[in-house]
*Asks:* 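Below is the structure I would like to discuss, written out as structure tokens.
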Amino acid sequence: MPKFEKLTLPNEGEIITFNQGKPNVPNNPIVPFIRGDGTGVDIWPATQIVLDSAIKKSYKDERKINWFKVYAGDEACELYGTYNYLPQDTIEAIKHFGVAIKGPLTTPIGGGIRSLNVALRQIFDLYSCVRPCKYYSGTPSPHKNPQNLDVIVYRENTEDIYMGIEWEAEDNNCLELINHLNNVVIPKSKNLKNRSIPDGSGIGIKPVSKSGSQRHIRKAIEHAKRLSGDKRHVTLVHKGNIMKYTEGAFRDWGYELAVNEFREDCITERESWILDNIQKNPEITIENNARKIEPGFDKLTNNKKAFICEEIKEVIASISNSHGDGKWKELILVDDRIADSIFQQIQTRPQEYSILATLNLNGDYVSDAAAAIVGGLGMAPGANIGDNAAIFEATHGTAPKHAGLNKINPGSVILSGVMMLEYFGWDEAANLITNGLSKAIEQKKVTYDLARLMEPKVEPLSCSSFAEEIISNF
Ligand SMILES: NC(=O)C1=CN([C@@H]2O[C@H](COP(=O)(O)OP(=O)(O)OC[C@H]3O[C@@H](n4cnc5c(N)ncnc54)[C@H](OP(=O)(O)O)[C@@H]3O)[C@@H](O)[C@H]2O)C=CC1
Ligand SMILES: O=C(O)CCC(=O)C(=O)O
Ligand SMILES: [Mg+2]
């Protein structure tokens, strides 16, 4: 047990341990929690009451979470001193106890401290951020058919521009880097001839690694294996047309992983078209199959045509027996979409998507956008998952203008708690909460964010009353 400088351990409880990425959860785990900045003062207490009540109702005294208060953000500075935003105590506590839950933490824009949220994900190598966006019946939405959206954003959580490797404009290191790039690296790079970085630029680096991408996409595909029907579908989201060696590579590494590690379970979109064409017309020639899968095939150069025909022959040789005759329809479909396109697709054809495997920045954007469709940031839970730790937190931030007013929707942190209970295997308590939440919404007993979207208008509940309403519906 680490020695804590200023923390008070709960009187009882046990540690959650990990075995090959899976948690072993005792009946009385100690779970560190960070209250959070801004609206954290409102939503954390509401969440804790709901989680405790559901556990009590489901398991009586057989199971219990022993909450362990740890500090980060403004609250940490009050206890540990100015600028001590993420005390060593907190890091040691989460490292030791393995699973934590947190409210939102403030990050200043421009200068100031780096994001504590991102720091926590990096310190504990929580490489997948899992953000389900699904509709709860009765939730008001600006969309006509919000119930058609049921996606899980799988956001890579440790790489990309969030690594924070950047230099301020005019800083000496930045000038040195620009000089080196302009005079040494760019002239030596065949594709970059005649380019140069403008004077006065700030520089940010976007590292995307094969191992980082694949371990994350592996988790997304493993998740898809647990789903059924059309939901067995992973879409690799990227901006690979523009950022070829980071975002484009993410796509390529994703497909490589799918066909190498999950061959029996996966079919790529192009493979499915090829096999479908054969099923519909067993006599189809290679060229005609190519015409169907590649728009504009006849206008391609001979080399490109030959390349596509080879691809078709390869698919036939390798998987037509195992995956053909419609067998592929039962498998996990792996496809890819360009990031800007996915933003419109989740609005226009939401029912066609299930798991969206994204890089860090794209996942940050798309998870807020998807949340908006199913009721907004008040209904947007999340989990940061690694192999030796997990931290559950909402998609939204501190919403400072609503802080301390007992007004904000605690739904996202409560549903993040539900994800934690499911992660523990405590499904009875998790179901109790989601059912209670659904009933409260159906009865139009909701906080301001949902109330203002309802027609006719309803009187909003406070944050704490909404929590009580959920509990009264258990
Ligand atoms: N993981 C984390 O801890 C995160 C932290 N942040 C940080 O939070 C701070 C504030 O960021 P900001 O851009 O204002 O984004 P926020 O997500 O905090 O809030 C933006 C708006 O979203 C709506 N909203 C947010 N939370 C809820 C909720 N629980 N219920 C209902 N509506 C909600 C509110 O809209 P309205 O006023 O229209 O009702 C709010 O004004 C920044 O410092 C940012 O860096 C941001 C994201 C994640
Ligand atoms: O860390 C922050 O301040 C913002 C993080 C964020 O937007 C997110 O995790 O979705
Ligand atoms: Mg965000």
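Just so it is clear, the values below take in all heavy atoms, side chains as well, and ignore hydrogens, waters and symmetry mates. In each ligand, atom 1 is the first atom listed, and ligand 1 is the first ligand listed.
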*Asks:* Considering only non-hydrogen protein atoms, determine which one is nearest to atom 1 (O) of ligand 2 and report residue, atom name and distance to 0.1 Å.
*Replies:* S115 OG, 2.5 Å

*Asks:* Identify which protein N/O/S atoms are less than 2.8 Å from the Mg ion (ligand 3).
*Replies:* D364 OD1

*Asks:* Just verifying a value: how many Å separate D387 CG and Q20 CD, rounded to the nearest 0.5 Å?
*Replies:* 10.0 Å

*Asks:* Is the closest N or O pair between T106 and ligand 2 shorter than 3.5 Å?
*Replies:* no

*Asks:* Would Y85 and Y80 count as a ring pair (Phe, Tyr, Trp, His ring centres under 6.0 Å) if you check the C-alpha gap in whole Å, the side-chain angles of each, and the deciding distance to 0.1 Å?
*Replies:* CA-CA 8 Å; Y85 286 95; Y80 288 85; over 10 Å; no

*Asks:* Do me a favour and list the nearest non-hydrogen protein atom to atom 7 (O) of ligand 2 with residue, atom name and distance?
*Replies:* D364 OD1, 3.2 Å

*Asks:* Heavy-atom contacts with T107 under 4.0 Å: which atoms of ligand 2 show up? List them by number with element.
*Replies:* 1 (O), 2 (C), 3 (O)

*Asks:* Once you restrict to heavy atoms under 4.0 Å, what part of E393 touches ligand 2? Side chain, backbone, both or neither.
*Replies:* neither

*Asks:* Salt-bridge test for K102 and E393: reply yes if a basic N is under 4.0 Å from a carboxylate O, no otherwise.
*Replies:* yes

*Asks:* Say whether, by atom type as modelled, one donor and one acceptor occur between the side chain of T39 and the main chain of D42 under 3.5 angstrom.
*Replies:* no

*Asks:* Suppose I only count heavy atoms of N117 and a 4.0 Å limit; which atoms of ligand 2 are within that range?
*Replies:* 1 (O), 2 (C), 3 (O)

*Asks:* Contact residues of ligand 1 with a heavy-atom cut-off of under 4.0 Å?
*Replies:* K102, P104, L105, T106, T107, N117, R121, L377, G378, E393, T395, H396, G397, T398, A399, P400, K401, H402, I408, N409, Y448, D449, R452

*Asks:* Using a heavy-atom cut-off of under 4.0 Å, does the side chain or the backbone of R121 touch ligand 2, or both, or neither?
*Replies:* side chain

*Asks:* Check each heavy atom of R131 against ligand 2 and say whether those closer than 4.0 Å belong to the side chain, the backbone, both or neither.
*Replies:* side chain

*Asks:* Is the NZ or CZ atom of K56 positioned over Y59's six-membered ring, under 6.0 angstrom from the centre and within 45° of the axis?
*Replies:* no

*Asks:* Is it true that F68 and F33 have ring centroids separated by less than 6.0 Å?
*Replies:* no

